Amino acid sequence: MSAISASEKVDGFTRKSMRKAQKQRKSQGSSQYRTQSAPVELSPLPQLKDAPSTEQQELFTQKLQQCCMLFDFLDSVTDLKSKEIKRATLNELVDFVSTNRGVLVESAYPEITNMISTNIFRALPPSDNPDFDPEEDEPTLEASWPHMQLVYEFLLRFLENPDFQPSIAKRHIDQKFVLQLLELFDSEDPRERDFLKTILHRIYGKFLGLRAFIRKQINNIFLRFIYETEHFNGVAELLEILGSIINGFALPLKAEHKQFLMKVLIPLHTAKGLALFHAQAYCVVQFLEKDPTLTEPVIRGLLKFWPKTCSQKEVMFLGEIEEILDVIEPTQFKKIQEPLFKQISKCVANPHFQVAERALYFWNNEYILSLIEENIDKVLPIMFGSLYRISKEHWNPTIVALVYNVLKTLMEMNCTLFDELTSSYKADRQREKKKEQERDELWKKLEELRLSNATLVQNNSHGLPSVQNNNNNNNNNSNNDSVNEDKSADGAAETVDGKDTMEASESTPCAK
Amino acid sequence: MAGADGDDSLYPIAVLIDELRNEDVQLRLNSIKKLSTIALALGVERTRTELLPFLTDTIYDEDEVLLALAEQLGNFTMLVGGPEYVHCLLPPLESLATVEETVVRDKAVESLRKISQEHSPVDLEVHFEPLVKRLASGDWFTSRTSACGLFSVCYPRVSSTVKAEIRQHFRTLCSDDTPMVRRAAASKLGEFAKVLELDYVKSDIISLFTALASDEQDSVRLLAVEACVSIATLLPQEDLETLVMPTLRQAAEDKSWRVRYMVADKFSELQKAVGPEITKNDLVPAFQNLLKDCEAEVRAAAANKVKEFCENLPEDNREQIIMTHILPCVKELVSDTNQHVKSALASVIMGLSTILGKDNTIEHLLPLFLAQLKDECPEVRLNIISNLDCVNEVIGIRQLSQSLLPAIVELAEDAKWRVRLAIIEYMPLLAGQLGVEFFDEKLNTLCMAWLIDHVYAIREAATCNLMKLVEKFGAEWAQNTIVPKVLGMANDPNYLHRMTTLFCINALSEACGQDITTKQMLPVVLKMSNDQVANVRFNVAKSLQKIGPVLDSNALQSEVKPTLEKLSGDSDMDVKYFAQEAIIVLALA
């Protein structure tokens, strides 16, 4: 067993960074190429700029057709000459549509869209890394990018050409075209997604008839992402596009847009990836700037999806809340202050110092401070308990210092209320405890009631089906179980556990 | 109900309402989980008139709470007064079936499906079916997706007019605007087809199936492949060719690899559903293509099915089909570029030997096995080794042993402990097939080396392995080959190795029997009671407790008892605890 280093043996799990270093950077071809028959060798055509203007259109078409040939980029040695010819031709085509006027005649449109569709529309290959994490992992890059990039570039120039006529193009750039374009947003290659973003934005701008369709399909992608697959690489890019679309919505907002906000954008906050959050926050704020009356449902929605275990995400949520508070109207603030500050008071008391710190930073924001001051009689009673407690209990000195400052600020806002709360703090805590006891008692009584009823039921009706009995039995069992668990968790067993973990620390010659 | 008189009856609803409004989700969740308790206490009537309306009204909550509620309501029939009142449960479940969160919705549908069986045919038409219709024509996609799962449970028990309506609703949902609903419909297509009359299967289902199988979204198309299995099973053989096969052929060559993957994944089911003739003519070439697919995912899924596919081929020309059509593809896959493909193949390829018989195996398969035993990927080698028993039955393992050994040795020393762990688990099997001589000569050292591995899981598995070997080769063999080595470790300077001796003794004592345990093992254990490390000492106590029953009562009284008594006065509290425990268990007090 000498070949293996000791550290590797002890750990067993190689670290992620190590694994990554070993894995060479991979690129991926599309499924598309491989289903085609072998490419024919290309022969160079004359330059467009050298052709007489009468033959230019014909040559343009020929070149577009030539560029429909696809090559295998995973094999870097085959068809080198043809690949180079296609690359040069694509470059020339990009140049041709971006600098020349009057080249986009009607007959060119189908050829152009055909060339673009053939090159970019493809079934995206399966991901190399099924649990691809955009923050951690290197994306798999598209192998045929040297050509693909130029095709995207060409599409963009085509759309941006001053002679471009949506009325002709809409026969080719139709719903099906857009749908395929949207599917490509799932590409792992960020360069491709970036192009797609700009292109979709242009299409949205130029084709009024496609706008509703595009919005609906984006909705579907998001809903699939939220409720079905939890995987789609282009969510952030699509959100960016939506951000600027929302900006242009007319007032009053249509029901469709409000539905998007509440049923798609807010639930999208349940997503795992953190990279999305900036774009989300941007969209949400855009909506609220358009229509402030949406503030209450939006904040309630965010509170509903508030992260329970992921502190990193909680920090993001707090950031988004602050952005919303920055633009909130005082009347809206009043509507939402109670549930909102109940959450903030929980965050402030969070044992994770980054969460607590992010929440406490709200008190550095002048506008938020003014809102709090206006409503100090409502906010202070909600916040006081947590702040008072963590000023004594929090493990992190920075947090304690921040809390002192916040308490001081709040005290200055309403001194009498502050004093009242301080003096009633203990009594309040005791009342809470008492309430808890009462709850336990109630449940106990209920349990007794249930038992007596159950026996009654059993005695009264012999014929009654067994569902009820089963139910009781189950409940009884589970109660017993929990009692047993309590027992087994006492002294001896615990210390043994302690020993076993010690054992895991291996090479120490003497464990004690 | 008895609880209805007196103040007691006020508790449940008061507690529930109070708790359901509590700010703390956990408390709300607790009270929902005890809903049946509350309902029982309330009695059936108040449950129907007070509790259920209350629940229906308060459905805006955290998804966890809703999930618990949806689950509870599925078991509520008795609590609302039995089947004649079961329809009271429909309103809350209906709202739950429209919730956004998928798990809540699914659970609500599951509960609805459950209680649908408890409805009388009349109630089904009066209460349940209208609910399905409402859901099916809901505004938001969630209610329509939920509806898809409810058609098949009510269809068989309603009148023919209502049946016609249900079919119409299902048809509408299959061409719904949103892909989410079409996916839901496609995933229930097979289930719905099963409850339909055969004529309607042919007239309705086939057209829906064809449409869904050529949907613009691959996520819908692939679900149609799943439905294909059930549909093909329902149709008479003569209709399959015209009604199902065109679509299936198209799916096997779909441009999206996800669809092809699904075909590969369902291949055995498809094969059974379409029968031997179509298999021969259509599925064999389709399967060849899938084995040669350009996407590794598809190849791996197909490779997984190689054995099952071959097994289910019609016997009359099975061998010929395998030899001329399948085997050439399999040979290619052995040197595939993707390791998942190779390891998928390695996990089934050995199964082919029983189908092909001795001569073919030696001539054609053996070279492949040998190649895979030398594969660079440990998983491939492991999969081959773990299936050795299939080959053993056909040609005997000797043919392989020369290549096996280097493969085993390499795996035994692999840097990844999970690989080492896996090979240990196959040791008893290998030892049994290779025989004791081969084992002593080649493998014994490996087995002993694992006892001092750096990873506890390996040491633990190695101990267990020794026990199984002793069970196979007998106590005498143990006494000569392994016991001395194990006992020798009791003097090792590393306390972990000393403890391994104890663990081995625990495992071996029973298999070795009273004689060896008393004469050879016990003295070593007793000596270790003086070890300076407390962990060793309390493991001595544990070991004594374990081997006590194997020892004779004489040794127990004269040797074990004094030692345990000494340990029960140890300075370490854990040593004391386990010594006392052993004394009690062995009844030495």
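All values reported here derive from a predicted model rather than from experimental measurement. Each chain gets a letter, A, B and so on, in the order its sequence line appears, and its residues count up from 1.
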Next item on the list: Begin with the C-alpha distance, continue with both residues' side-chain angles, and end with the deciding distance and a verdict on side-chain hydrogen bond (donor to acceptor under 3.5 Å, both in side chains) for K263(A) and N219(A).
Entry: CA-CA 9 Å; K263(A) 298 227 170 186; N219(A) 268 1; over 6 Å; no

Considering only heavy atoms, which portion of [X] lies under 4.5 Å from any heavy atom of chain A: side chain, backbone, both, or neither?
X	value
F141(B)	side chain
E100(B)	both
S219(B)	side chain
E101(B)	both
E410(B)	neither

Charged N-O contact under 4.0 Å between [X] and [Y]:
X	Y	result
E296(A)	R300(A)	yes
R182(B)	D177(B)	no
R537(B)	D572(B)	no

If one checks every heavy atom of I226(A) against chain B at 4.5 Å, the contacting part turns out to be neither

Honestly, the part of E183(A) sitting under 4.5 Å from a heavy atom of chain B is side chain

Residue set satisfying salt bridge (charged side-chain N to carboxylate O under 4.0 Å, His left out) with K176(A), at least two apart, ordered chain then number -> none

Sequence neighbours excluded, the answer for salt bridge (charged side-chain N to carboxylate O under 4.0 Å, His left out) partners of D186(A) is none

Counting heavy-atom pairs under 4.5 Å with chain A, the top scorer among T77(B), D218(B), L27(B) is L27(B)

